[in-house]
Trainee: 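One structure, as structure tokens, below. Some questions next.
Hydrogens, waters and symmetry mates are skipped; everything else that's a heavy atom, side chains included, is used. Please read these numbers as outputs of a predicted model, since none were measured by experiment. Counting starts at 1 for both ligands and their atoms, following the listed order.
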Amino acid sequence: MKTIVDLNGKWRFAPTHDQKPHNNHNVIESNLPLYADPRLNRRDWEVVDVPGVWQRYAEKYSIYEGVCWFYREFTLNQAPDAGDLVRLCFAGVDHRATVYVNGRSVGMHESPYTAFTMDVTSLVHEGVNAIAVEVDNRAHITKWPNDWGYGVYGGIHREVTLQVLRGAYLYDIELTPTYDTVSGVGHLSVCGRYSGALTEACVRVGDTEFPLTLSDGVAHAEITVEDVGPWSPACPTLTSVTVVADGVTYDACRIGFREVRCEGGELLLNGSAIPLHGVCYVYDHPKWGLVMDRSQLVEDLCSMKEGGVNAIRTHYPMSRDFYELCDEMGFVVWIEPNVYCTKPALDKTDTVFSRPEYVEAAVSMTREMITDARRYASVILYGIGNECNVEHPEARPFFSLLSETVRKSDATRLIGYASLYGQVGCMADLVDVMGINSYFGWYGTFPTFEIEDKLAVADGAVVPRSVNVDGLGELIERVRGKVSENTVIWLTEFGADSVPAYYSTACELWSENYHAEIIRACITKAREKSVKGTFIFAYTDYFDPSKPKNGRWKEHNLKGMLTYEREKRLAYFAMSEMYGGKARRN
Ligand code: ADA
């Protein structure tokens, strides 16, 4: 039997590095951190919403980087019996979470964008139970990423539930769909675990029922699904899948079947080459921050559709809601763990690539990312890094391990890497897709850290500034020379920043006009060079502390097709024209 207790909603909240009691009444003697103790008087703690990020709880937390505590209680009608399993399920805590139940330590987790569960069976009892979570987002304490190119939020930003499994039950069900283009059938691999004496378990795919074998705690089936059309962005067909054991439903979802492979340097989806009209999506929102509000996701994905987008690259693992919507609406998705822009100096050893705690964290983030995403047809590729120093001698073993981890966990998808200006380094034979991140026509055209606050005003007859991205063509050729002929090459980042609503007929730098021209020029150049996948950076503006506070950036990345507030820029309409979308500027 399975019961899910919803633990979202109101939690008590207190920011602190300092856990000294406020007054004498709060003195509690034990080794337990004071704020984890259920007996503590929390009358002065704030009441906040979970999921949430503290940067949005109040203005005073908007740039707070530190430690915060979250606390709530829940009631269990019955204590667990022998063989029962009670687990706390967190869908995402940014950055490091240390969890306590009823004043006892449960464990620590550090991967800000992936789900994790913690076994609390021996710690809960009948009646009222207490959960305390210490959340730490200090850059010098936490591991990945070690170089901030997007705002690192803090908080329990995705759902929290308690899973109570009693008697005989199924759990940890993994569904992996594929499609065989030659025979025209779908395939579903079902793998889970069970406990107790289950009499029967099955998977219903559409109207057909398939038995699950139950042996040594493993529930398993390899299913061939006839009469199912392949999933694609143009035709995102989904079929209902339900996993049932002894009359109880343990999983219910809709699944798409499709085949992804590479041949001759092309991505083949269901056997056919498909051009990818992509964007990079660094989700962020003035109201929600990192919390992936479903209605906001829908709004963003709808405007992408209208702008002709059919592919999305994300800088970190996304929420299940996001993958589900991409399945339904027809987007292919590249996801990657936040192995991001690591630039260890060449002459140093013992870098993040070799330190066991970093390596272990990267591997477990990658595994957790795959666990979350594997059932979704939309996810076609797992990235293993973004703009890292892949020339470093310690990079090769590190990335070989990540690539092997992906292949072992889920061999039905592709592996990709987003290189900094085509720096292929040790990655050439580790990936199926080599991405190129480059900003021709942008960085290098102005002195990055000395920007005046004034925007140029163009009067009278003006000669429009010309956009030159010739270097991009040469770079693509160079990368082609470094990888095998089967490796797919995509542009995984390109673009420019623009100040919202700064228009310039002279196409001045920082104007929306210049931004739009860069988008047109880079896509045109990629097509001239037979590159079939282009991912514009980025879909929306977002908080980016790596951008200096100057007259333009103000700590926000301004490369969005949409502004932070979701206003469409000229670049959005240029994208729509280039990608064959419906959106046109009135
Ligand atoms: C890098 C990085 C992005 C973003 C971008 C930029 O390529 O991958 O996250 O920071 O640069 O805007 O310069």
Side-chain angles (χ1 to χ4, degrees), residues 94 112-113 139 144-153 278-284 290 312-318 334-343 352 381 383-390 416-425 427 431 433-449 451 469 471-472 475-476 479 489-500 509-510 512 514-515 518-519 522 526 533-550 552-564 569 571 575:
D94 195 355
Y113 313 101
W144 305 92
N146 64 355
D147 189 346
W148 315 106
Y150 42 84
V152 172
Y153 283 99
V279 288
C280 295
Y281 189 38
V282 183
Y283 178 91
D284 190 0
L290 180 61
I312 302 170
R313 172 180 170 231
T314 72
H315 263 31
Y316 44 74
M318 301 290 278
W334 160 320
I335 51 172
E336 64 201 29
N338 40 309
V339 173
Y340 177 78
C341 296
T342 52
K343 299 181 181 80
V352 292
L381 183 146
I384 53 173
N386 178 54
E387 296 189 355
C388 297
N389 183 354
V390 286
Y417 172 67
S419 70
L420 178 65
Y421 283 84
Q423 196 183 76
V424 167
M427 303 298 275
V431 297
V433 179
M434 181 58 69
I436 302 174
N437 295 355
S438 64
Y439 289 93
F440 287 94
W442 188 235
Y443 294 126
T445 58
F446 57 90
T448 313
F449 294 96
I451 300 166
V469 297
L472 177 58
L475 179 64
I476 294 168
V479 173
I489 295 176
W490 290 338
L491 290 196
T492 34
E493 282 186 34
F494 58 96
D497 297 77
S498 64
V499 174
L509 296 176
W510 296 95
E512 289 212 12
Y514 187 79
H515 189 175
I518 286 277
I519 299 305
C522 290
T534 48
F535 294 77
I536 301 170
F537 196 89
Y539 190 61
T540 71
D541 291 355
Y542 62 93
F543 174 57
D544 177 357
S546 73
K547 297 289 175 270
K549 252 194 188 164
N550 55 29
R552 306 286 190 276
W553 273 310
K554 300 187 174 68
E555 290 190 303
H556 278 72
N557 196 305
L558 301 177
K559 296 194 180 67
M561 301 294 95
L562 312 183
T563 66
Y564 202 22
R569 280 196 173 89
M575 171 191 84

Trainee: How would you list, by chain and number, every residue that makes a salt bridge (Lys or Arg N to Asp or Glu O under 4.0 Å) with Asp541, sequence neighbours excluded?
Mentor: Arg569

Trainee: With a 4.0 Å cut-off on heavy atoms, is Tyr542 in contact with ligand 1?
Mentor: yes

Trainee: Give the atoms of ligand 1, by number and element, whose distance to some non-hydrogen atom of Tyr443 is under 4.0 Å.
Mentor: 6 (C), 12 (O), 13 (O)

Trainee: Tell me, please, which residues at least two apart from Ala526 pass side chain to side chain contact (heavy atoms under 4.5 Å, CB included).
Mentor: Leu491, Val531, Thr534

Trainee: Would you please indicate if the ring centroids of Tyr542 and His556 are separated by under 6.0 Å?
Mentor: no

Trainee: Looking only at heavy atoms, is any part of Tyr439 under 4.0 Å from ligand 1, and if so is it the side chain, the backbone, or both, or is it neither?
Mentor: side chain

Trainee: What part of Leu420 sits under 4.0 Å from ligand 1 if we count only heavy atoms: the side chain, the backbone, both or neither?
Mentor: neither

Trainee: What residue and heavy atom of the protein are closest to atom 10 (O) of ligand 1, and at what distance?
Mentor: Tyr340 OH, 3.7 Å

Trainee: Taking only Lys NZ, Arg NE, NH1 and NH2, and the carboxylate oxygens of Asp or Glu, determine whether Glu387 and Lys343 approach each other closer than 4.0 Å.
Mentor: no

Trainee: Could an N or O of ligand 1 be found under 3.5 Å from any N or O of Asn386, whether backbone or side chain?
Mentor: yes

Trainee: Starting from atom 8 (O) of ligand 1, what is the nearest protein heavy atom, named by residue and atom, and what distance separates them?
Mentor: Glu493 OE2, 2.7 Å

Trainee: Ring centres under 6.0 Å, that's the criterion: do Tyr150 and Tyr340 meet it?
Mentor: yes

Trainee: Return the orientation label for the Tyr539 and Tyr281 ring planes: parallel under 30°, perpendicular over 60°, tilted otherwise.
Mentor: perpendicular

Trainee: Nearest to atom 12 (O) of ligand 1, what protein heavy atom do you find, and at what distance?
Mentor: Lys559 NZ, 2.5 Å

Trainee: Quick check on contacts: which atoms of ligand 1 are under 4.0 angstrom from a heavy atom of Glu387?
Mentor: 1 (C), 2 (C), 7 (O), 8 (O)

Trainee: With under 30° as parallel and over 60° as perpendicular, where do the rings of Tyr316 and Tyr113 fit, or are they tilted in between?
Mentor: parallel

